[in-house]
Amino acid sequence: MKEPALLEAIGVAKHYPVKKGLLFARQVGAVRAVDGVSFALHRGETLALVGESGCGKSTTARLVMRLIEPSSGDVIFKGENVTNVGGAKLRALRRHLQIVFQDPYASLNPRLTVADAIAEPMTVHGIGDAASRRERVQELLRLTGLRPFHADRYPHEFSGGQRQRIGIARALAVEPEVVVCDEPVSALDVSIQAQVVNLLGDLQQRLGLSYLFIAHDLAVVKHVADRVAVMYLGRIVEVAAKHELFSNPRHPYTRALLAAIPRPDPSRRGSVTPLGGDLPSPLAVPPGCRFHTRCPVAQAKCKELDPPLREIAPGHTAACHFAEDLPRFNAEADGGVAPVAQLRLAAYAAARAARAPAVVPAG
Amino acid sequence: MSMSDSLLRIEDLRTVFRSSNGDIAAVDGVTLEVPRGKTLGIVGESGCGKSMLSLSIMGLVPRPGRIAQGRVLLEEQDLASLSPAGMRAVRGAEIAMIFQEPMTSLNPVHSIGDQLTEAMRAHDAKASKAELKERAIEALRRVRIPSPERRFSEYPHQLSGGMRQRVMIAMALSCKPRLLIADEPTTALDVTVQAQILDLLRDLQAETGMSVILITHDLGVVAEMADEVAVMYAGRVVERGTAKDIFEDPQHPYTIGLLGSIPRIEEDRDRLLSIDGSVPPPFAFPKGCRFNPRCPFAIRACTEIDPPLRELSPGHRAACIRAPVELALDIAA
Ligand SMILES: Nc1ncnc2c1ncn2[C@@H]1O[C@H](COP(=O)(O)OP(=O)(O)OP(=O)(O)O)[C@@H](O)[C@H]1O
Ligand SMILES: Nc1ncnc2c1ncn2[C@@H]1O[C@H](COP(=O)(O)OP(=O)(O)OP(=O)(O)O)[C@@H](O)[C@H]1O
Ligand SMILES: [Mg+2]
Ligand SMILES: [Mg+2]
């Protein structure tokens with residue numbers, strides 16, 4: 001028997017009313033930002049939430065963190081329904097759920113020193129005294145590969161990657177169990193992105209953290225996740241263990257996403273296949289299966305019946321009427337890095353290891 | 001590559017900004033050729049000078065920046081020495097550019113159709129209004145915008161990001177340029193929309209035979225689109241070659257580090273390679289090789305000598321005195 005989930009969403013939805021008229025505003029519709037989402041995050045794992053812009057990833061994260069109120073559905077933390085808790089209980093919950101944002105520029109207060117920014121969550125939650133907080137800040141700086149003297153500097157003095165490290169240090173200050181990472185590396189350059197991805201991996205191992213990792217880059221997800229949930233227009237359409245999802249995707253949208261990624265391999269040129277059509281608005285979600293307007297294998301049934309997310313193999317769920325009938329997926333297993341390039345990568349890694357400094361460099 | 005195979009040749013280009021500490025070079029001695037009918041990919045991280053390079057070609061370097069040195073030869077004509085009016089004529093007719101953010105380059109208060117016909121009128125003052133409209137709708141159809149007649153009278157905010165980028169492409173191509181410069185054309189778009197735009201660009205290139213400079217920081221996009229690749233670092237080209245050269249036989253440690261930094265769908269590694277440190281700003285470029293503080297192969301000479309691009313195999317050049325690095329490693333060990 002598996003351990004019960006650490007954090008669980010059950011049918012969570014967030015609908016934003018759209019009103020018309022100034023004086024006697026009446027509701028004319030709703031933005032179905034998140035439209036009935038269920039998932040479970042287990043202790044020590046990384047669950048990735050992927051999907052295109054506007055599909056509801058950030059809204060889902062904010063719902064399970066209780067930063068916004070769901071229109072319906074439940075949030076369960078460690079077996080307890082926390083959907084409606086308030087006061088001290090909510091504060092305690094927030095301590096256990098911390099978030100790292102996409103934009104390291106916007107998410108730090110420019111007037112706080114790094115030390116103050118990192119210590120702020122401890123102050124808010126009344127943890128420790130000034131001296132112990134100072135000590136903890138130093139520990140967090142070390143942990144995230146920053147230097148002790150960085151404590152007294154201001155955010156504008158740091159590069160994007162360094163600011164993201166500060167954001168991570170701040171999220172870890174109150175020893176959370178779950179860290180929600182909302183596109184933590186999307187705004188960063190490739191070389192810096194790799195530093196932060198590696199750091200998040202190290203921290204998870206050391207501290208036993210659980211990550212809800214939001215991303216739109218499937219290659220990053222392939223690297224960091226244990227399990228992957230794919231979202232489309234406010235819904236989760238497929239969930240599976242990482243290897244299963246990438247080698248045997250059972251939802252046409254997951255397949256389309258995989259086919260759209262350009263691979264860093266010129267011998268594969270031309271393998272990118274675009275999906276037709278535009279993303280529908282969450283104001284006007286198509287009836288039936290919400291993907292049917294763009295689905296290359298849609299049938300008459302798909303226009304009428306909304307397919308539920310159902311288990312099609314142990315640990316693999318998909319919301320498609322024809323999940324079992326899709327042909328075998330052509331996961332191009334070959335390719336990857338050419339032999340000479342591989343040799344150079346190995347040389348680079350060896351040379352880097354040979355002159356590794358004592359602290360993880362933060363750039 | 002011989003001269004005649006290339007449409008555009010950039011020679012020792014230096015684009016600078018004046019500052020209190022003297023001139024700061026955003027582009028510092030770049031030499032490149034753009035092959036005829038082919039795509040040159042320019043790749044590098046934020047701030048390495050990709051946009052300044054493309055704006056230099058277009059004669060659109062923002063003040064107080066200026067081209068301080070070098071030539072930009074379109075066939076025989078040096079664009080860097082043209083008057084503003086001369087350059088405007090070239091921009092209208094021979095070179096066009098599309099940018100990363102289509103929303104900021106479209107005017108929100110004018111309809112798509114007005115903006116498109118306006119751009120067309122600039123090259124053909126004699127065409128009648130009806131003619132221009134017909135051509136504009138045809139242009140929208142060519143970039144695969146559904147119901148182009150309806151879209152003609154719509155405004156930018158009524159279009160999705162991908163559609164706005166299509167409109168920008170339609171506008172850029174309306175003058176039938178010989179060279180299209182696309183500066184991060186898909187960076188702001190989702191992957192499925194990006195795939196549509198890349199597909200479209202490829203088709204249009206096959207149709208028109210134009211050359212393309214594709215600027216991006218995404219190595220996947222480069223591999224998918226580019227015939228030739230230039231890797232930029234800190235205002236310089238540090239490696240050039242065919243796409244195959246760069247991805248299968250990377251020579252410069254920066255290129256190698258970049259390739260190691262990208263997570264890949266087709267393989268699992270515990271850790272990404274990652275490059276230590278970060279890109280220095282132009283006023284803090286180090287002496288010698290600009291990559292030396294971050295380079296695991298750097299030796300003392302790298303802090304003193306500024307390495308020129310040297311040819312390692314025909315057409316494949318890298319600016320590194322330690323290349324090929326596997327030999328450097330043996331010596332060090
Ligand atoms: N306060 C709000 N009022 C109305 N609509 C909203 C609000 N917040 C979000 N939305 C809409 O809900 C949908 C989901 O937004 P959300 O930010 O969760 O998407 P996302 O998947 O995180 O996208 P991105 O990848 O762009 O960050 C979008 O269409 C968005 O415009
Ligand atoms: N107006 C300006 N004054 C001074 N320096 C500038 C100015 N504009 C750009 N620069 C500098 O020139 C360098 C090159 O900038 P450029 O915009 O070409 O980079 P880029 O490679 O296009 O980066 P990105 O990927 O972020 O678009 C940068 O270091 C930038 O700070
Ligand atoms: Mg978001
Ligand atoms: Mg740029």
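Below, chain A is the first sequence line, B the second, and so on; all start at residue 1. What you see is a predicted model, and the numbers here were worked out from it, not measured in a lab.
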Does B/V191 reach the side chain of A/L257, with side-chain heavy atoms less than 4.5 Å apart? yes

Is it the backbone or the side chain of A/V220 that comes under 4.5 Å from a heavy atom of chain B, or both, or neither? both

Sidechain N-carboxylate O distance under 4.0 Å for B/R264, A/D265: no

CD1 of A/I261 to CD1 of B/I265: how many Å apart, nearest 0.5 Å? 3.5 Å

Gap between atom CG of B/L272 and atom NE2 of A/H223 - 0.5 Å precision: 3.5 Å

Taking every non-hydrogen atom, the tightest pair across B/F297 and A/A351: CE2-CB, 3.5 Å

So what's closer than 4.5 Å to chain A heavy atoms on B/M225: side chain, backbone, both or neither? backbone

If you count heavy-atom pairs under 4.5 Å with chain B, which of A/P262, A/G54, A/A259 comes out on top? A/P262

Scored by heavy-atom pairs under 4.5 Å with chain A, the best of B/M163, B/R202, B/Q196 is B/Q196

Who among B/G162, B/G260, B/P293, B/A298 has the most heavy-atom pairs with chain A under 4.5 Å? B/A298

Is chain A contacted by the side chain of B/A323, its backbone, both, or neither, given a heavy-atom distance below 4.5 Å? neither

What part of B/V222 gets closer than 4.5 Å to chain A, counting heavy atoms only: side chain, backbone, both or neither? neither

Test side chain to side chain donor-acceptor pair (under 3.5 Å) on B/R294 and A/S191 and set out the steps. CA-CA 11 Å; B/R294 305 177 74 191; A/S191 69; 3.2 Å; yes

So for A/L343, is it side chain, backbone, both, or neither that comes closer than 4.5 Å to the heavy atoms of chain B? side chain

Residue, of A/I192, A/N198, A/L275, that accumulates the most heavy atom pairs under 4.5 Å with chain B: A/N198

So, taking the atom named OH in A/Y348 and the one named SG in B/C295, what distance separates them when rounded to the nearest 0.5 Å? 6.5 Å

Which answer fits A/E52, side chain, backbone, both or neither, if we ask what part of it has an atom under 4.5 Å from a heavy atom of chain B? both

At a heavy-atom distance under 4.5 Å, which candidate from A/H243, A/H216, A/K242, A/Q193 has the highest pair count against chain B? A/H243

Between the side chain of A/R269 and the main-chain N/O of B/A226, is any donor-acceptor distance below 3.5 Å? yes

Measure B/D245 against the heavy atoms of chain A and call it side chain, backbone, both or neither at under 4.5 Å. neither

Indicate yes or no for a side-chain donor-acceptor contact from B/E224 to the backbone of A/G270 under 3.5 Å, with no hydrogens or angles considered. yes

Separation of A/L188 CG from B/H217 NE2 (nearest 0.5 Å): 10.5 Å

Treating A/D189 as the side-chain partner and B/S46 as the backbone partner, does any N or O pair qualify as donor plus acceptor under 3.5 Å? yes

Heavy atoms of B/S261 and A/A194 approach each other most closely as O-CB, 3.6 Å

Okay, side chain of B/E248, backbone of A/V337: is any donor-acceptor separation there less than 3.5 Å? no

Run the numbers on A/V272 and B/L198 for side chain to side chain contact (heavy atoms under 4.5 Å, CB included), then give the verdict. CA-CA 9 Å; A/V272 162; B/L198 296 182; 5.6 Å; no

I'd like to verify something: which residue of A/P264, A/G201, A/A256 has the highest number of heavy-atom pairs under 4.5 Å with chain B? A/P264

Can you tell which of B/D199, B/V193, B/T192 makes a side chain to side chain contact (heavy atoms under 4.5 Å, CB included) with A/P274? B/D199

Any donor-acceptor N/O pair, A/R344 side chain to B/P250 backbone, under 3.5 Å: yes

Heavy-atom pairs under 4.5 Å with chain A, option from B/P253, B/S274, B/G257, B/P281 with the top count: B/S274

Residues, nucleotides or ligands: over 12 heavy atoms within 6.0 Å of A/Q205 CD: no

Do any N or O atoms from the side chain of A/Q195 and from the backbone of B/I275 form a donor-acceptor pair under 3.5 angstrom? yes

